[in-house]
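Structure record follows, encoded as structure tokens.
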Amino acid sequence: MVNEVMAGGGFGFQWHITGRCAGKCYHCYQSGSESGDELPVADLKRIADAIMSAAPAPVTINVTGGEPLMYQFHGQNRGVFELMSHLSAFDNIGELNIITSARGMDRSVIRSLKALPKLSYVKVSLESHDPNVDDSIRGLGHYRMAVDEIRQMVEAELRVIIMTTLSKRNYQSVSGLCALAAELGTKGVIFERFVPLGNGAKEMNDAVITSSEWQDILNSISAVTLAPIDDLRPYKAFWVDGEDVVGAPCCLGPTSMALMPDGTVYPCRRVPTPIGKLPDDGMDQILKKLESYSSTQQKCFDFDF
């Protein structure tokens, strides 16, 4: 059986608070490591207030970047924790997560994460159980560093999820990553698909998975979770934790958005079409514009099955 993400309603979004990143991943959606669009923490809090007062509950927020641990508007180092503490105060928070490559992680960061009262998961990017494959995408030494930091976070009793972007370079790593997640004591792996935007369009435009490769991915997930293939087919992404699997359909519509560092809103990070800007535009107005996407036929890719 496949459960569906946000089946009970609510609203969810990725908040890209910075473009800063020390990595140069080949599949990155960004065109560079720009930092000029960052807003001060006070502005981020005002944007949070606008969202949380209007979005349907429960609200799921994934704070990311760039690398969110590098957010440092005008020297406000580790300002990400001030923002996440502010978000923790809202009663309508359903999940509060941070997505990180683990670059910049250390014991002080782990302590700060532990101190967040409503932190749900730390999502760590890792592209394969094979160090050579991960490093070929995320840079030399990333695998060892990320795995070491995951071990420390699990020891500290933080709930960690591995996040993987599947392309031709790593789509055969599904089973191995599930096994690694179990070995490390994480809460499984989220598998999403590579979409060529930004740097990824330049460096890996030929690495988009084909329909037959997607079928191989479904076969691997089915073998791990025992879920029937036909139950997996409707979904575009998966969270696999042991034999449990949660599927995510296309999220275009009124239940999701992507929020960029300067407050610009996209209907999805993979559909980088600005539909407004917070807090200049009201959240009610943003929600109405998102509604229009629920009836469109926009997809990242059309598969032939």
Open item on the list: Can you confirm whether D231 sits close enough to V245 that some side-chain heavy atom of one is under 4.5 Å from a side-chain heavy atom of the other?
Closed with: no
TODO: Report yes if the side chains of L96 and S88 come closer than 4.5 Å at any heavy-atom pair, otherwise no.
DONE: yes
TODO: Examine the side chains of Q215 and N219 and answer whether a donor and an acceptor come within less than 3.5 Å of each other.
DONE: yes
- [ ] Answer whether the closest heavy-atom distance between the side chains of M84 and L119 falls below 4.5 Å.
- [x] yes
Task: For Q14, side chain to side chain contact (heavy atoms under 4.5 Å, CB included) partners two or more places apart - done: H16, N62, T64, I99
Open item on the list: Taking side chain to side chain contact (heavy atoms under 4.5 Å, CB included) as the definition, give me every residue that meets it alongside E192, ordered by chain and number, with sequence neighbours left out.
Closed with: M163, I190, A237, R270
- [ ] Give a yes or no on whether L140 atom CG has more than 12 heavy-atom contacts from other residues, nucleotides or ligands under 6.0 Å away.
- [x] no
Open item on the list: Is there a continuous path of hydrophobic side-chain contacts, each under 4.5 Å between heavy atoms, that joins M260 to V80?
Closed with: no
TODO: Name all pairs fulfilling the salt bridge (charged side-chain N to carboxylate O under 4.0 Å, His left out) condition that reach into residues 202-216, sequence neighbours left out, sorted by first residue then second.
DONE: K168-E213
Task: Straight-line distance of E155 CD to Q152 CD, nearest 0.5 Å - done: 7.0 Å
Task: salt bridge (charged side-chain N to carboxylate O under 4.0 Å, His left out) partners of residues 171-180, not counting sequence neighbours, each pair once - done: none
TODO: Could you tell me whether the side chain of I161 reaches within less than 4.5 Å of the side chain of T186, counting heavy atoms only?
DONE: no
- [ ] Using the rule that two of Ile, Leu, Val, Met, Phe, Trp, Tyr join whenever any of their side-chain heavy atoms come within less than 4.5 Å, decide whether V147 and V133 are in one cluster.
- [x] no
Task: Co-membership, hydrophobic cluster, residues L177 and M153, 4.5 Å side-chain - done: yes
Task: ILVMFWY cluster membership beyond M145 - transitive side-chain contacts under 4.5 angstrom - done: none
TODO: Measure the spacing between CZ of R103 and OG of S125 and express it to the nearest 0.5 Å.
DONE: 9.0 Å
Open item on the list: Checking K277 now: which residues fulfil side chain to side chain contact (heavy atoms under 4.5 Å, CB included) with it, not counting sequence neighbours?
Closed with: D262, T264, D280, D281
Open item on the list: Among residues at least two apart in sequence or on other chains, which ones pass salt bridge (charged side-chain N to carboxylate O under 4.0 Å, His left out) with K289?
Closed with: none
TODO: Applying side chain to side chain contact (heavy atoms under 4.5 Å, CB included), name anything that partners D244, two or more places apart in sequence or on another chain.
DONE: none
Open item on the list: Run the side-chain contact (heavy atoms from CB on, under 4.5 Å) test on I162 and I150 for me, step by step, so that the C-alpha distance in whole Å, both residues' side-chain angles and the decisive distance to 0.1 Å come before the verdict.
Closed with: CA-CA 9 Å; I162 292 171; I150 289 171; 4.2 Å; yes
Open item on the list: Can you tell me how far apart OH (Y26) and OG (S167) are? Round to the nearest 0.5 Å.
Closed with: 12.5 Å
Open item on the list: Parallel, tilted or perpendicular, judged at 30° and 60°: which one describes the rings of F13 and W15?
Closed with: tilted
Task: Minimum side-chain heavy-atom gap N3-W239 below 4.5 Å - done: no
Open item on the list: What I'd like to find out is whether the side chain of D284 reaches to under 4.5 Å of the side chain of I286, using heavy atoms alone.
Closed with: no
Task: Interatomic spacing from CD in Q172 to CZ in R169 - rounded to 0.5 Å - done: 14.0 Å
Open item on the list: When you measure from the side chain of N97 to the backbone of Y121, do you find a donor-acceptor pair of N or O atoms at a distance under 3.5 Å?
Closed with: yes
TODO: State whether the side chain of Y71 and the backbone N or O of L39 hold a donor-acceptor pair below 3.5 Å, judged by distance alone.
DONE: yes
Task: Distance (rounded to the nearest 0.5 Å) between S85 OG and L116 CG - done: 5.0 Å
Open item on the list: Tell me which pairs pass salt bridge (charged side-chain N to carboxylate O under 4.0 Å, His left out) where either residue lies in residues 117-145, with sequence neighbours left out.
Closed with: E127-R138
Task: Heavy-atom pair of closest approach, residues P68 and G66 - done: CD-O, 3.6 Å
TODO: Say whether I51 and Y266 are linked into one hydrophobic cluster, either directly or through other cluster members, by side-chain heavy-atom distances under 4.5 angstrom.
DONE: no
Open item on the list: Pair I217, S220 - check side-chain contact (heavy atoms from CB on, under 4.5 Å), show working.
Closed with: CA-CA 5 Å; I217 291 165; S220 296; 5.7 Å; no
TODO: Any pair with a residue in residues 139-193 that passes ring-ring contact (aromatic ring centres under 6.0 Å, His included), sequence neighbours left out, goes on the list, sorted by first then second residue, please.
DONE: none
Task: Pairs where residues 48-69 contributes a residue and the test salt bridge (charged side-chain N to carboxylate O under 4.0 Å, His left out) is met, not counting sequence neighbours - done: none
Open item on the list: For R151, give me all partners under salt bridge (charged side-chain N to carboxylate O under 4.0 Å, His left out), at least two apart in sequence or on another chain.
Closed with: E183
Task: Check against side-chain contact (heavy atoms from CB on, under 4.5 Å), L278 and M283 - done: CA-CA 7 Å; L278 293 170; M283 188 61 191; 4.1 Å; yes
